[in-house]
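Each ligand, and each atom within it, is numbered from 1 in the order the structure gives. What you see is a predicted model; the values in this text were computed from it and never measured.
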Amino acid sequence: MSHLLADVSVSSLKGVGAAVAEKLKRLNILNLQDLLFHLPLRYQDRSRVVPLGALRPGDECVIEGEVKLCDIQQGRRRSLLCRLQDGTGSVTLRFFHFSAAQKNNLTPGTRLRCFGEVRPGPAGLELVHPEYSRISDSELNPVEEHLTPVYPTTEGLHQARLRSLIEQALTQLLQGDITELIPEVLRQNWQFPALRDALLYLHRPPVDADQHLLLEGLHPAQRRLAFEELLAHHLSLLKLRQQTRQVGAPVLEPSGHLTQAFLSQLPFPLTNAQTRVAQEISADLSQPYPMLRLVQGDVGSGKTVVAALSALQAVEGDYQAAVMAPTEILAEQHFINFSRWLEPLGIEVAWLAGKLKGKARQAQLEAIASGRAVVVVGTHALFQDEVTFARLGVVVIDEQHRFGVHQRLSLREKGRQQGRVPHQLIMTATPIPRTLTMSAYADLDCSIIDELPPGRTPVNTVVIEDTRRDQVIERVRAACAEQRQVYWVCTLIEESEALQCQAAEVTAESLKETLPELRIGLVHGRMKPAEKTSVMQAFKAAELDLLVATTVIEVGVDVPNASVMIIENPERLGLAQLHQLRGRVGRGSVESHCVLMYHAPLSRQGRERLKVMRETSDGFKIAEKDLELRGPGEVLGTRQTGVMQFRMADLQRDADMLTRIRTLAEPMQQWPEQVDQLIQRWLGHAENYGNV
Ligand code: ADP
Ligand code: MG
């Protein structure tokens, strides 16, 4: 019989009716293969009986003994206590829920076998609500021959039920077929067990298995599965990339007349890194298939200029460019920059954000649709249905790496015309740790601007407790007296934007009282875009000394004369966010300062984060640390990353495999069938996968 376990529905198993099938579905278990891939969280050792005299608190074990006493204890919580004894010692079984029949069954002299966790109780060691059964001397009750698996489960689906279903699946695995998809040669190189052996081992480990290794997920059997999953994931992204290349894109030959004019009017030469990355992009844009490139550059590395050059290449090729930013403030700032740069070259720049309404909106939509507006800057509003581009050639997405594969694809679809899609450039100031680039972003090409423009002095970062607020305020006063400008960022633990804004308002008021000689402005997320822009503009024009803000100023805002950044309660923010905020200063030539004013006591993680901030300003180091402290889900924004949810792999734990997986992708192409099956096996459930 060579049916594939992946083709056998769980409903074929004994004990699976509609209700159980529904619960299994909640665990993403539809067929026998899913069931076998549902691996234990941990194991119990039910393979031997532990003498009562040898019990230690925290043990989870099998015990046997004779009931000496069984009584109901009245008190705050009524409970049934049962004293058990063997030749070596005694222990108490405690039940909070019990029936009269239960009590009557536990008469002195009865022999019991129990399984449970040992805890210290008021009178010696206890097992609370152990599993138990009566045993008689004449019967030999065998103990388990393997470690007993404990599976992740869902409400209403008992461990015992899950175990018995998986047992059935294992029986079929022994007789049936599970396709080995990692070619023999590769498996041998890695000294991986066969899939079938790995699964058998993990569901039924021998009693002497290394439980520590298993708990850590580092057993070869686990590594083999994680490896297969990571490989499948990587192959799927490569496939996506190959498919991408089969779609056409406008060939944007650089004529260079606009880019040259643009560069010659810039007040500075490009850095070497900017030039290199601009060339990489330019080469992509002249290909007949769509570019999908990620530009990583630390805050202040000058990504905007690179974006402008890409847009100009589209214009030179007689196409439109769309530049999208995640917030209105940023989009406005880009609009201002792009207008200033491009209008002298005779290029009309359009502007579109959600808040733009009525006639003004209509006018912009019309300019975009007619193709008169060749460069269009805006927020997500750019990708609403009502927006049609005449001939979109390049899409630039700024400061946004929390974009899953599917979003990248849907953006691309937006510009599809006559079977061709626009080129896409994604820019992020949050450097992405290498492990994540290799996994989550394997479908993208990657460029790194690894150099800051000359003349920047590193930001001096100090960590101060908020009991020294007065000193901090004096520092602000002194800085402003020297014509410097200062950001004061308020954070709040509450998710509520309203509360955050309120906190900023209160802070602004109190600072105005304490520092009456300063011109103090306020921006927060609940202000109208026009208000925000005018405050930001005033700050930029040095008409304000101090800007109190919520974290809305986090990304991208550029005011070179601002050289002091105060962050209240920095312990509440992630490293990436702190790095972004700090990146708002240190953009001019004077020395800048960042004051992290924390509220004691700090958690261990909080302290660690602030220490990292004080010690380094290297965005890539900070990103690695962020990954270490928060894990990939948080760093990537798991909700948005679609296929990035792994069943078995863990990007951090298994990071060592990623490099080798990359080198395998090529040789795997010799086995195209396996490639497809691997993708199907591991990503088959992912919605829309490969829907290109
Ligand atoms: P980010 O990469 O954070 O988006 P920006 O594009 O906002 O950085 O650039 C930061 C600042 O550096 C801006 O004021 C910009 O005009 C300036 N800048 C960009 N490139 C250079 C350069 N090659 N030399 C000097 N200043 C530059
Ligand atoms: Mg920027």
Side-chain angles (χ1 to χ4, degrees), residues 259 262-279 281 293-312 323-342 344 375 377-379 396-403 425-432 446-459 485 487 536-537 539-542 551-563 565 576-590 592 594 617-620 622-623:
T259 47
F262 167 69
L263 289 175
S264 64
Q265 65 161 31
L266 272 185
F268 46 75
L270 297 189
T271 61
N272 291 331
Q274 282 171 318
T275 306
R276 175 174 41 79
V277 170
Q279 277 166 358
I281 296 167
R293 185 173 284 277
L294 177 71
V295 173
Q296 301 184 49
D298 214 337
V299 279
S301 61
K303 293 182 291 296
T304 320
V305 171
V306 171
L309 284 168
S310 319
L312 283 174
V323 180
M324 187 177 86
T327 65
E328 301 235 342
I329 290 190
L330 255 194
E332 279 155 9
Q333 178 177 292
H334 279 334
F335 175 64
I336 290 160
N337 271 330
F338 276 73
S339 305
R340 187 166 45 106
W341 286 335
L342 305 188
V375 175
V377 180
T379 58
V396 180
I397 303 162
D398 190 23
E399 307 288 0
Q400 185 62 277
H401 77 277
R402 292 183 169 79
F403 249 52
L425 185 66
I426 299 168
M427 303 204 296
T428 173
T430 313
I432 300 165
C446 204
S447 296
I448 299 183
I449 309 184
D450 50 4
E451 183 186 355
L452 293 180
R456 303 263 169 90
T457 31
V459 181
Q485 288 171 280
Y487 290 102
M536 284 311 302
Q537 285 315 114
F539 189 62
K540 233 174 167 159
T551 50
V552 293
I553 56 150
E554 180 186 345
V555 277
V557 180
D558 186 41
V559 182
N561 189 47
S563 63
M565 159 81 48
Q577 208 176 5
L578 285 171
H579 181 62
Q580 282 296 320
L581 283 171
R582 181 169 62 182
R584 301 306 105 218
V585 296
R587 304 191 145 228
S589 48
V590 291
S592 291
C594 175
S617 56
D618 179 330
F620 280 90
I622 290 177

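Ligand 1 has an N or O atom lying under 3.5 Å from an N or O atom of G302, backbone or side chain. Distances between N or O atoms of V305 and those of ligand 1 include no value under 3.5 Å.
Heavy atoms of P269 come nearer than 4.0 angstrom to ligand 1 in at least one pair. Proximity of G297 to ligand 1 is not established, as no heavy-atom distance is less than 4.0 Å.
Atoms of ligand 1 lying under 4.0 Å from any heavy atom of V299, numbered from 1 in the order shown and given with element: 3 (O). Near T304, meaning under 4.0 Å from any of its heavy atoms, are these atoms of ligand 1: 4 (O), 5 (P), 6 (O), 7 (O). Of all atoms in ligand 1, listed by their number and element, those nearer than 4.0 Å to a heavy atom of T271 are 23 (N).
For Q274, every heavy-atom contact with ligand 1 shorter than 4.0 Å involves the side chain, none the backbone. Only the backbone of L270 comes within 4.0 Å of ligand 1, judged by heavy-atom distances.
Legend: residues meeting side-chain hydrogen bond (donor to acceptor under 3.5 Å, both in side chains) with T271, ordered by chain and number and at least two apart, are Q274. Residues that satisfy the side-chain hydrogen bond (donor to acceptor under 3.5 Å, both in side chains) test with N561, not counting sequence neighbours, are Q485.
A donor-acceptor pair under 3.5 Å is formed between the side chain of E451 and the backbone N or O of A273. Under the 3.5 Å distance criterion, the side-chain polar atoms of S592 are matched with a main-chain donor or acceptor of G586. K303 places no side-chain N or O within 3.5 Å of a backbone atom of V295 that could act as its donor or acceptor partner.
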(request) Show your reasoning for whether salt bridge (charged side-chain N to carboxylate O under 4.0 Å, His left out) applies to R276 and D450. (result) CA-CA 10 Å; R276 175 174 41 79; D450 50 4; 3.0 Å; yes
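The shortest side-chain heavy-atom distance between V305 and W341 falls under the 4.5 Å cut-off.
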